[in-house]
Asks: 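The structure's right below; bear with me while I get my questions together.
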Amino acid sequence: MNEIVVTRGERLAARRVAGEMVILSADDSSLYVLNELGSMLWEAADGRTTLRQIVETVVCPEFDIDADTAVGDALDFLQQLEAFGIVSLSSQPHSGPAEGIGER
Amino acid sequence: MGDLMQYVWDRALEHNVPLSVQFDLTYRCNERCIHCYLDHDDHGELTTTEVFAALDQLAAAGTLFLIFSGGELLLRRDLFEILDYARRHGFDVKLKTNGILLRQAEAEQIRAHGVREVQLSVYSHRPEVHDAITKVPGSLERTIAAVKLLRASGLRVLIANVLMQGNAFDYPGVRALAAELGVESTIDPTITPMMDGSTSVLSLRVPQPQLLQIFRDRSLVPDDFCAPPLSGAPDVDTLEAMPCSAGHTACYISPYGDVYPCVQFPLPTGNIRQTPFHDIWHRSPGFAEVRSIRVADLPTCSSCGFVSSCTRCPGLAYMEGNMRGPSSADCEKSKTRAAAGAAASQIQESA
């Protein structure tokens with residue numbers, strides 16, 4: 001679980017609107033609005049940084065939570081997003097460039 | 001609009017976010033539509049680098065929905081560079097094109113760039129009518145070919161049918177054509193004055209008697225522009241509402257960098273070559289004035305019985321001389337919709 005990397009889905013548009021990440025599918029116009037934690041995970045999902053690194057550097061400083069618990073919670077959440085094609089989870093770093101949609 | 005989408009628009013309004021921007025990349029065009037409001041000469045379009053800089057600023061401002069239009073987009077040799085940049089920066093992208101220059105390679109590239117929808121104008125199912133409007137022989141055939149290529153590439157396609165005198169009653173044929181092609185279609189009787197203020201094209205508007213016939217077409221009633229208007233004294237919510245999203249959550253950028261509340265609302269607010277978009281959006285007197293107006297501030301419209309359902313366009317009102325005034329074409333539409341609704345009620349009563 002420590003080596004899991006998160007990659008944003010393709011063919012999605014995304015923007016933080018008033019603090020919340022709004023994601024829209026180009027294929028079927030499905031719309032998603034992520035909460036604060038989800039928005040943070042999405043922005044950090046560059047396909048290279050491991051989930052544990054994301055949690056330790058982005059999530060834990062913002063929330064009063066230990067890293068192991070946060071990784072478990074984040075993984076549960078990201079698996080739900082994966083079911084919608086919003087992210088993909090793998091143990092291999094994404095082969096493409098680290099930058100992706102949703103960058104600001 | 002779904003609840004979640006409404007929630008996003010409400011959040012954007014609350015936080016003054018320009019959620020949707022129409023960005024015309026060129027006014028040059030390979031058609032010469034008789035009702036077009038544009039000057040097709042190139043007066044110094046934004047360069048690729050300038051467009052990229054504008055997109056950076058829009059992304060920072062919170063824009064999600066980006067509509068690239070023209071003129072004819074495919075005349076921009078850097079179109080796919082721009083699409084690539086826009087998609088890498090998170091925008092949801094729609095395109096408007098006439099499709100004349102579109103071949104399979106372009107359709108596939110558009111699809112590969114993650115464009116969500118492509119809109120093409122079709123004025124009639126009859127080539128002689130469509131081509132007389134575009135002034136390009138063979139244009140209908142080429143536009144239909146483009147629709148087929150875009151569909152075959154897996155793209156969502158929308159056919160827009162602008163109604164005017166010469167094609168007012170061809171819309172059933174266009175709708176049938178759209179159904180045959182497996183795409184959606186819309187109908188709009190709005191003819192806009194030219195950007196320079198000239199009203200010569202307004203003579204092409206569908207005359208009231210023809211409009212009445214169209215509004216009596218029960219198959220069109222689900223479309224907003226055709227629905228019977230609500231009448232009676234406006235309620236408080238109506239009077240406190242903003243007249244339109246233009247300038248609140250949406251705006252327009254011309255190929256020369258001019259920022260307006262809407263493509264139909266050419267109120268000068270600034271130019272991104274001289275002023276950062278953020279400053280124009282948040283600090284220009286023009287946007288401040290537009291945002292200050294509520295329906296209750298409209299001296300004529302606020303007391304009109306049709307105000308709660310009118311399609312009044314503040315841009316068209318501005319083009320007529322007063323952004324707080326009525327837009328006469330929409331007054332006519334409301335009255336015509338009312339007349340059509342009354343006629344339908346009489347038919348129902350006698351049946």
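Numbers restart at 1 for each chain; the letters A, B, ... are given by sequence-line order, proteins then strands. Atom set for the values below is all heavy atoms of this structure, side chains included, hydrogens, waters and symmetry mates excluded.
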Asks: Going by residue number, which parts of residues 105-114 of chain B are within reach of chain A, meaning a heavy-atom gap below 4.5 Å?
Replies: B:Arg111, B:Ala112, B:Gly114
Asks: Give, as side chain, backbone, both or neither, the part of B:Leu155 having an atom under 4.5 angstrom from any heavy atom of chain A.
Replies: neither
Asks: Enumerate the side chain to side chain donor-acceptor pair (under 3.5 Å) contacts for residues 73-84 of chain A, please, sequence neighbours excluded, ordered by first and then second residue.
Replies: none
Asks: Is it true that a side-chain atom of B:Arg116 and a backbone atom of A:Arg11 form a donor plus acceptor pair closer than 3.5 Å?
Replies: no
Asks: Supply the atom-to-atom distance B:Asp92 CG to A:Ile23 CD1, rounded to the nearest 0.5 angstrom.
Replies: 12.5 Å
Asks: Picking from A:Ser25, A:Ala18, A:Gly19, which has the most non-hydrogen pairs under 4.5 angstrom with chain B?
Replies: A:Ala18
Asks: Is the CD atom of A:Glu36 crowded by more than 12 outside heavy atoms at less than 6.0 Å?
Replies: no
Asks: Heavy atoms only: give me the nearest B:Met5-A:Leu24 pair and the separation to one decimal.
Replies: CE-CD1, 4.5 Å
Asks: Sort A:Leu31 into side chain, backbone, both or neither according to what part of it lies under 4.5 angstrom from a heavy atom of chain B.
Replies: both
Asks: Give a yes or no on this: more than 12 heavy atoms of other residues, nucleotides or ligands lie within 6.0 Å of atom CZ of A:Phe84.
Replies: no
Asks: If you look at every heavy atom in B:Val8 and A:Val17, which pair is closest and at what distance?
Replies: O-CG1, 4.4 Å
Asks: For B:Thr63 and A:Arg15, which heavy atoms make the closest approach, and how far apart are they?
Replies: O-NE, 2.6 Å
Asks: Could you list all the salt bridge (Lys or Arg N to Asp or Glu O under 4.0 Å) pairs where at least one residue sits in residues 1-21 of chain B, not counting sequence neighbours?
Replies: A:Glu20-B:Arg11
Asks: Given that the side chain runs from C-beta out, which part of A:Asp28 has a heavy atom under 4.5 Å from chain B: side chain, backbone, both or neither?
Replies: neither
Asks: Taking all atoms of both residues into account, what is the closest heavy-atom pair of B:Tyr7 and A:Val33, and its distance?
Replies: CE2-CG1, 4.1 Å
Asks: Looking at residues at least two apart in the chain, or sitting in another chain, which of them share a side chain to side chain donor-acceptor pair (under 3.5 Å) with B:Thr26?
Replies: B:Arg28, B:Glu45
